[in-house]
There are 2 protein chains.
Amino acid sequence: MSYAADMSQSLWQRTRRTVRDDIAAAAMELILEQGFAATTMDEIAAQAGVSRRSLFRYFGTKEDVVLRTLANTGEAIAEAVHARPLSETPWEALLAVADGLETAPTWEPARELAIGRMCVETPALRARRAEKHQGWVELLVPEIAVRPASGPVGDAAAEAIVSAALACLDVATDRWVAADGESSLASFFSDAVRAVRG
Amino acid sequence: MSYAADMSQSLWQRTRRTVRDDIAAAAMELILEQGFAATTMDEIAAQAGVSRRSLFRYFGTKEDVVLRTLANTGEAIAEAVHARPLSETPWEALLAVADGLETAPTWEPARELAIGRMCVETPALRARRAEKHQGWVELLVPEIAVRPASGPVGDAAAEAIVSAALACLDVATDRWVAADGESSLASFFSDAVRAVRG
DNA sequence: GTCAGGCTGGCACTCAGTGCCAAGCTGGCA
DNA sequence: TGCCAGCTTGGCACTGAGTGCCAGCCTGAC
């Protein structure tokens with residue numbers, strides 16, 4: 001069944017966020033079937049029952065249609081780090097947060113796996129994901145900079161730590177996707193961190 | 001004076017690499033003047049004295065025109081790591097290689113700074129650079145995986161180490177660019193690594 | 001001299017993304 | 001109830017990146 005039918009009627013009454021979600025759901029249906037590169041924004045617009053122009057108002061780029069959830073994830077991670085006791089070192093806090101990631105209400109393994117697979121096979125998506133991660137850095141730096149380590153941490157050091165941690169997350173995600181979601185993402189993450197910190 | 005005049009005559013006789021370099025030089029002249037986003041591939045082609053179509057044969061994307069040197073850098077780094085004694089740990093080798101980076105014959109601080117600045121202000125370029133770095137990972141992993149650490153290293157750990165190191169390099173590059181090339185890139189890199197490995 | 005293979009430029013096309021404008025909806029106010 | 005201001009939508013036209021195709025030209029081998 002198509003999304004076009006029911007969405008064309010009640011679109012205006014819905015809140016913006018709901019519309020976004022509905023469009024994204026319709027888009028994912030198409031993209032998972034045809035692949036990211038082979039799906040055009042015109043097709044997505046048609047499937048979602050909105051005009052091409054409006055589609056670009058909701059999602060600035062085609063990549064954002066797939067990766068829209070990542071911005072929220074960045075804020076969620078920052079909040080989770082914020083919630084950790086200040087006595088924890090940066091890495092203790094980050095590892096603890098990673099452990100809790102998969103139990104968050106917004107965590108849907110199937111969706112994350114699908115996105116992960118798509119990122120592996122579509123460099124443009126991977127690049128865009130990296131950009132999003134870059135955005136997370138500035139969210140996370142203030143949470144990390146205040147934490148204790150060997151010596152005062154500071155912004156420069158915090159930025160290095162956060163960037164390295166996100167690199168570990170990327171590696172862990174790739175491994176997790178390659179393993180088809182077997183085992184937990186957190187375990188791959190802690191493996192990566194352990195390797196890096198020796 | 002323009003590149004168009006002298007290049008339109010002798011273009012065919014030149015070797016492919018030279019042509020690439022000449023095109024890139026002409027392009028950089030334009031891009032540094034107008035900015036990356038405001039410069040079109042048509043303008044670059046005209047300035048370089050080649051057709052738009054041929055320009056796309058030499059550089060698959062607009063970003064590649066600016067970042068073309070990075071692929072070589074990846075191989076150069078891999079070779080440099082290969083040349084380090086096998087008794088060195090991954091991080092010892094990587095730090096040593098970073099120290100030597102700026103004395104390499106291909107290292108031109110002015111160009112690197114210009115590229116770095118452009119990457120800061122143009123997300124698309126930054127994303128593309130990240131993609132290139134991703135390509136370096138597979139070059140570097142075999143060089144790192146054979147090195148000693150606390151326990152056997154292996155590919156998974158090596159990938160994490162290399163990715164984290166490249167994240168440190170990115171942070172270091174940003175700082176170095178922000179400092180306008182004052183101090184050495186290597187010192188920023190070792191600062192980052194020290195912060196990460198605490 | 002000629003023939004095959006590779007490089008070149010031109011043309012037309014697809015598709016992402018943007019600016020502009022007119023039409024419609026909504027909530028507030030008289 | 002009627003009107004007005006502001007926001008959203010959709011349609012249109014446009015720019016610019018990137019690609020496929022083809023025809024012409026140059027080069028090197030025989």
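Lettering follows sequence order; numbering is per chain, from 1.
- Remark: D:dC30 base-pairs with C:dG1; criterion is Watson-Crick or G-U wobble with both hydrogen-bond distances under 3.5 Å.
- Side-chain contact between A:S183 and A:F188: present, with at least one pair of heavy atoms (C-beta onward) separated by less than 4.5 Å.
- B:K62 has its NZ atom 11 Å from the C1' atom of D:dT15, to the nearest Å.
- B:R128 places its CZ atom 12 Å from the C1' atom of D:dA17, with the value rounded to the nearest Å.
- Side-chain atoms of B:T40 lie closest to D:dG16 of the nucleotides D:dG16, C:dG17, D:dG18.
- As a whole-Å value, the separation of A:F59 CZ from C:dT18 P is 15 Å.
- Distance CG (B:D22) to P (C:dT8): 13 Å, rounded to an integer number of Å.
- Between B:F56 atom CZ and C:dT14 atom P there is a gap of 17 Å when expressed in whole angstrom units.
- Scanning all heavy atoms of the two residues, the minimum distance from B:R84 to B:V97 falls at CG-CG2, 4.0 Å.
- Here the P atom of nucleotide D:dT19 and the CG atom of B:L55 are 12 Å apart, to the nearest Å.
- Nearest nucleotide to the side chain of A:R52, out of D:dG18, C:dT8, C:dA16: C:dA16.
- In terms of the salt bridge (Lys or Arg N to Asp or Glu O under 4.0 Å) criterion, residue partners of A:E108 (sequence neighbours excluded) are, by chain and number, A:R111.
- Counting atom types as modelled, A:R53 pairs a side-chain N or O with a base atom of C:dG19 as donor and acceptor under 3.5 Å.
- Residue A:R57 places no side-chain atom within donor-acceptor reach of the base of C:dG17, judged by atom type and a 3.5 Å distance cut-off alone.
- As judged by a 4.0 angstrom heavy-atom cut-off over every strand, B:Y58 is placed among residues touching the sugar-phosphate backbone only.
- Salt bridge absent: A:R126 and A:D170 never bring a charged side-chain N and a carboxylate O closer than 4.0 Å.
- Here C:dA16 is the nucleotide among C:dA16, D:dG18, C:dG17 with the atom lying nearest to any side-chain atom of A:D42.
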